[in-house]
K.L.:
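Provided herewith is a single structure, encoded as structure tokens, for subsequent inquiry.
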Amino acid sequence: MGKGPIHVTVSSDTKRILKYISIRAGTVAVSLIVAVLLTIIIANFGGMVDEIVRTEVEFWVWEYINRNPEYRGLSEEERARIASQMTESALRARGLDKPFAVRVFIYLGDALTLRLGRSMHITSNAGSRQVWNIIAERLPPTVLLFTTTSIIIFVSELVGGLYLSRRYGSLLDRMVALLTPLSLMPGWFYGIFMIIVFAAWFRLLPWGGMVDAPPPEDPLMYGLSVLKHMVLPILSWMLAYIPIGVYNMRTFFLIFSTEEYVEYARARGLPGKLIERRYILRPTLPPIITNFVLTLISSWMGAIVTERVFNWPGLGTLFYAAINPANPDPPVVIGIVTIYAYLLAISVIVLDIVYALVDPRIRVGE
Amino acid sequence: MAFSLGISRLRTYLRYRSLTFGLVILAFFAVLSIYAVIAYPYDYVTRIWYDPRAWEDYPRLAKPAWIRLFTRLSELEGTITLDSRSPGAVKIRTMISYAGRPAGVYIRVEQSFDYYYDTLPSQIVMWLFVNSSQPVYVVVRWFKPGGTVVNVSKAVYTSGEHYIDISTERVGLVAEYLRYLVEKLGHKPSYALSGLIALVAAEDKGILSLDTVRPSKGVYRVVLEAESTDINMNVDIKVNVYGTLYGIAGTDHNRRDLFIAVAWGAPLALFFGLLAALLTTISQMVIAALSAWYGGLVDNLLQRVSEVFMVLPFLPVVMMVSLIYKLTIWSLLMVVVALSIWSGTLKTFRAMFLQIKEMPYIEAARAYGATDLRIVMKYMVPKVLPVLVPNIIISTPSFVFLEAVLALMGVSDPTTITWGKVLEEAYSGAALYRGYYHWILAPAVMLALISVAFASIGFTLDKIFNPRLKEM
């Protein structure tokens, strides 16, 4: 704190922020690379990645042979021999005949540039077998549902926490404290009960899925239908995560509202709203944002099971289909793990950027 | 003053009440675990659980029997089995002779059962065990209490075991019975008749609609007659009338007694959850202590490692690993622990150790020449134990749920019977949609109970051990 000049100019401000962000982004990028590397090493203990790459190369070689009139006159064995030769040389050309220690870096490069290869049997709705196309098609529903959920939960926690910290010790406050153990059970678990109550018993809301079948033509009706399908998943997550969130937030605000500078502001007779905004909320903002991003990150994970329970056509349902032990699709599994790693890394970097913007300590320098 | 004292006393009381409450549930699970291990030995259970023959005489998707208390209906619990091979069965064997020489054999089996229940059975199945070198002509007739005779079977069978589900809509007896019914009542039923309705429904106005159909109460008789030219021929018949209720937890789509799964889920959940929580928390503590004590390079390295794991998506990686390596539940435990160590709790522990490190008594220890290991293990670690114990208890349910998640995604150990596995089968069997709530609720209630138990114990211990962190 003391190192920086007293009058900080805007340009040096920006420079510091940029420097801070780029250092953090660099660290996270290194973590991402190591994480993806680890994933590949884990996956290839059984030779899975090798198998995927070979299948992909073989596919292209056969495609080429079947299309090329030059090979049409040859017998089946002849063509198979040529195909295996071409496969070997294609693998050699890409350096994939080298030992695993070298190969792994080629795979790493592929994964990091999102060349995820072809799936074994899962196709996208458009019929593509490219893992990236399949994932890109399933990503938006997941992001839609779980970002909405996270935002709703975050805002409820913030508002509820502030409200309870003002009414500390009241009946409502004690009730929330009593409800906190609810959060030991995950959101998808409440989802099951939600379906029993609202879909099976009252027949009010759909059992699962994203839109009615057949999907409505009118965009407005389509949107409403999607909204209707989002109610139960969101409700079950709220039930699972809001009580503990509100309780933690309220305790957090309470700790900060007993700080001396808050007492001083109160003594000066500042209005309650102003104290709340300027003296309690502002210094607590960085940890609160961390909290939000962590909620968001955990929502990416929790999404897998919740989507399975609600049959939501997102990444989680895709993952479930790909991981089915009776008929697995390893390229899709590895692709999704990589995408999740990216999502996590991006969340962490965004968190750091927001931190840099709201935390004056970073702006003024270490 | 007196008022606030009263409140605080009440609060203490409540606090211990919740501890007692948690301990009572936990004791229930402990008793259930011991019962499961003794009553259904592990080898025996894993052998029969996936063997369809072992569950042949159990009703399919039967509700728990205690549901009677709420429905106030008398329903058949379990199965009525009529077996001509059982000691009490009456089986008459007559030789057929033609021109003074034995030309064949005639067998007649008559069996009966009482049916005085308010609801229809769920299914009726017949097995014919034919042992003959020649074709056997078999007639099976079903006598209803009202006197109606239904011809269940009139066919030629060869040697072997024949399984016939006589309660479906496709069996031959339905068409014949429908003609008889229309003649008797003058009306046609408003739905497609099934063998089940033909065999047990009362033949009044009620049978015309699916909502009003009732069973005919009384004594039913099943008569088998068989004839063949092989004089050593033998025919046996087994008829199962399956009920709609079974035991404490009901049965699933494979007729398996869900109580066994519920009971066996308890020891596995307790072991998996507690062991995972214990190992994770202890490893976290040791790593945090090392990181804080040595600082510098060690700390830096561990920080970087935990950052890598922050980016590594936990759940997908665990699932990928258990898909690729076909993990058993115990090796899965190791993977889960190895990946869970690097969570936020590690940072919390590290921060605590960093504070402890600066305390005067640590400095004193250093002054008398204690080794690093001695300081970490004897002076720093015990200091965080009060936080550690509640932390282990509180994090246990999350590991129990993690196992359930893996099972729900279909990647758990295929040889174990856990609550998550039952949940997965119920989900795949569309139990919710088709109204088999008991199937999903049995494991779900167990999961909920075990987390309530650990929550109330954990949170109370936290308040007792860490009075400073007491709710403010």
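Order of the sequence lines sets the chain letters (A, B, ...), proteins ahead of strands, with each chain counted from 1.
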K.L.:
For B:E424, is it the side chain, the backbone, both or neither that has a heavy atom under 4.5 Å from a heavy atom of chain A?
P.N.:
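Contact with chain A involves both backbone and side-chain atoms of B:E424.
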K.L.:
Got a second to check how far A:W188's CH2 is from B:L423's CG, nearest 0.5 Å?
P.N.:
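The distance works out to 5.5 Å.
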K.L.:
Using only atom types and a distance under 3.5 Å, with no angle test, would you say the side chain of B:Y437 pairs donor to acceptor with the backbone of A:I196?
P.N.:
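Between the backbone of A:I196 and the side chain of B:Y437 there is no qualifying donor-acceptor contact (under 3.5 Å).
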K.L.:
Under a 4.5 Å heavy-atom cut-off, does chain A meet the side chain of B:L432, its backbone, both or neither?
P.N.:
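The answer is both parts of B:L432.
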K.L.:
Report which part of B:L408 has an atom under 4.5 Å of a heavy atom belonging to chain A: side chain, backbone, both, or neither.
P.N.:
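The answer is both parts of B:L408.
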K.L.:
Which residue out of B:S322, B:P414, B:S451, B:A448 racks up the most heavy-atom pairs below 4.5 Å with chain A?
P.N.:
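Option with the greatest count: B:A448.
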K.L.:
Going by heavy atoms in the side chains, are B:M320 and A:I334 under 4.5 Å from each other?
P.N.:
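Touching, per the 4.5 Å side-chain cut-off.
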K.L.:
If I measure from the heavy atoms of chain B, does A:V30 come under 4.5 Å with its side chain, its backbone, both, or neither?
P.N.:
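For A:V30, there is no contact with chain B at all, as no heavy atom is under 4.5 Å.
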K.L.:
Between A:N324, A:L38, A:L184, which shows the greatest number of heavy-atom pairs under 4.5 Å with chain B?
P.N.:
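Of the candidates given, the most pairs with chain B belong to A:L184.
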K.L.:
Could you tabulate the donor-acceptor pairs under 3.5 Å formed by side-chain atoms of residues 398-405 of chain B, not counting sequence neighbours?
P.N.:
| unit_1 | atom_1 | unit_2 | atom_2 | d |
| --- | --- | --- | --- | --- |
| B:S398 | OG | B:S395 | O | 2.6 |
| B:E403 | OE1 | B:T418 | OG1 | 3.3 |
| B:E403 | OE2 | B:T418 | OG1 | 3.3 |

K.L.:
Has A:Y342 got more than 12 heavy atoms of other residues, nucleotides or ligands less than 6.0 Å from its OH?
P.N.:
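Yes, the 6.0 Å shell around OH holds more than 12 heavy atoms from other groups.
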K.L.:
Ignoring hydrogens, what is the shortest heavy-atom contact between B:P316 and A:Y340? Give both atom names and the distance.
P.N.:
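That closest heavy-atom pairing would be CG-CD1, 3.6 Å.
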K.L.:
I'd like to verify something: which residue of A:S183, A:A345, A:A200, A:P186 has the highest number of heavy-atom pairs under 4.5 Å with chain B?
P.N.:
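If we count pairs closer than 4.5 Å to chain B, A:P186 comes out on top.
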K.L.:
Taking B:Y325 for its side chain and A:I42 for its backbone only, find out whether a donor-acceptor pair lies under 3.5 Å.
P.N.:
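Judged by distance alone, yes, a pair lies under 3.5 Å.
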K.L.:
Sequence neighbours excluded, which residues qualify as side-chain hydrogen bond (donor to acceptor under 3.5 Å, both in side chains) partners of B:R434?
P.N.:
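For B:R434, no residue satisfies side-chain hydrogen bond (donor to acceptor under 3.5 Å, both in side chains) once neighbours in sequence are set aside.
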K.L.:
State, with a plain yes or no, whether a side-chain heavy atom of A:F193 is found less than 4.5 Å away from one of B:L441.
P.N.:
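Side-chain contact under 4.5 Å: yes.
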K.L.:
Counting heavy atoms not belonging to B:Y50, are there more than 12 under 6.0 Å from its OH?
P.N.:
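For B:Y50, atom OH is crowded (more than 12 foreign heavy atoms under 6.0 Å).
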K.L.:
Would you call A:V348 and B:E307 a side-chain contact if the rule is heavy atoms closer than 4.5 Å?
P.N.:
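A:V348 vs B:E307: side chains apart.
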K.L.:
Kindly indicate whether the side chain of A:V305, heavy atoms from C-beta on, has any atom under 4.5 Å from the side chain of B:L315.
P.N.:
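Yes, side chains in contact.
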K.L.:
Give, as side chain, backbone, both or neither, the part of A:P328 having an atom under 4.5 angstrom from any heavy atom of chain B.
P.N.:
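Contact with chain B: side chain only.
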K.L.:
Considering non-hydrogen atoms only, spot the tightest contact between B:V311 and A:A35 and give its length.
P.N.:
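That closest heavy-atom pairing would be CG1-CB, 4.3 Å.
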K.L.:
Test side chain to side chain contact (heavy atoms under 4.5 Å, CB included) on B:R304 and A:T27; report intermediate values, then the result.
P.N.:
CA-CA 9 Å; B:R304 292 291 87 77; A:T27 339; 3.9 Å; yes
K.L.:
Under 4.5 Å between any side-chain heavy atoms of A:I192 and B:Y427, yes or no?
P.N.:
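In short, these two side chains touch, coming nearer than 4.5 Å.
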K.L.:
Which atom names give the shortest non-hydrogen contact between A:P181 and B:A455, and what distance separates them?
P.N.:
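Reported closest heavy-atom pair: CB-CB, 3.8 Å.
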K.L.:
Is it the side chain or the backbone of A:Y320 that comes within 4.5 Å of chain B heavy atoms, both, or neither?
P.N.:
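Its backbone and side chain both get close to chain B.
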K.L.:
Just wondering, are more than 12 heavy atoms of other shown residues or ligands nearer than 6.0 Å to CD in B:Q355?
P.N.:
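Atom CD in B:Q355 is not packed in, count stays at 12 or less.
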K.L.:
Rounded to the nearest 0.5 Å, what's the gap from CE on B:M409 to CD1 on A:I323? Could you check?
P.N.:
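The CE atom of B:M409 sits 6.5 Å away from the CD1 atom of A:I323.
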K.L.:
Below 4.5 Å from any heavy atom of chain A, which atoms of B:V452 appear? Answer side chain, backbone, both or neither.
P.N.:
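Just its side chain gets close to chain A.
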K.L.:
Check whether B:T396 gets within reach of chain A through its side chain, its backbone, both or neither, counting any heavy atom under 4.5 Å.
P.N.:
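Answer is neither: B:T396 stays 4.5 Å or more from chain A.
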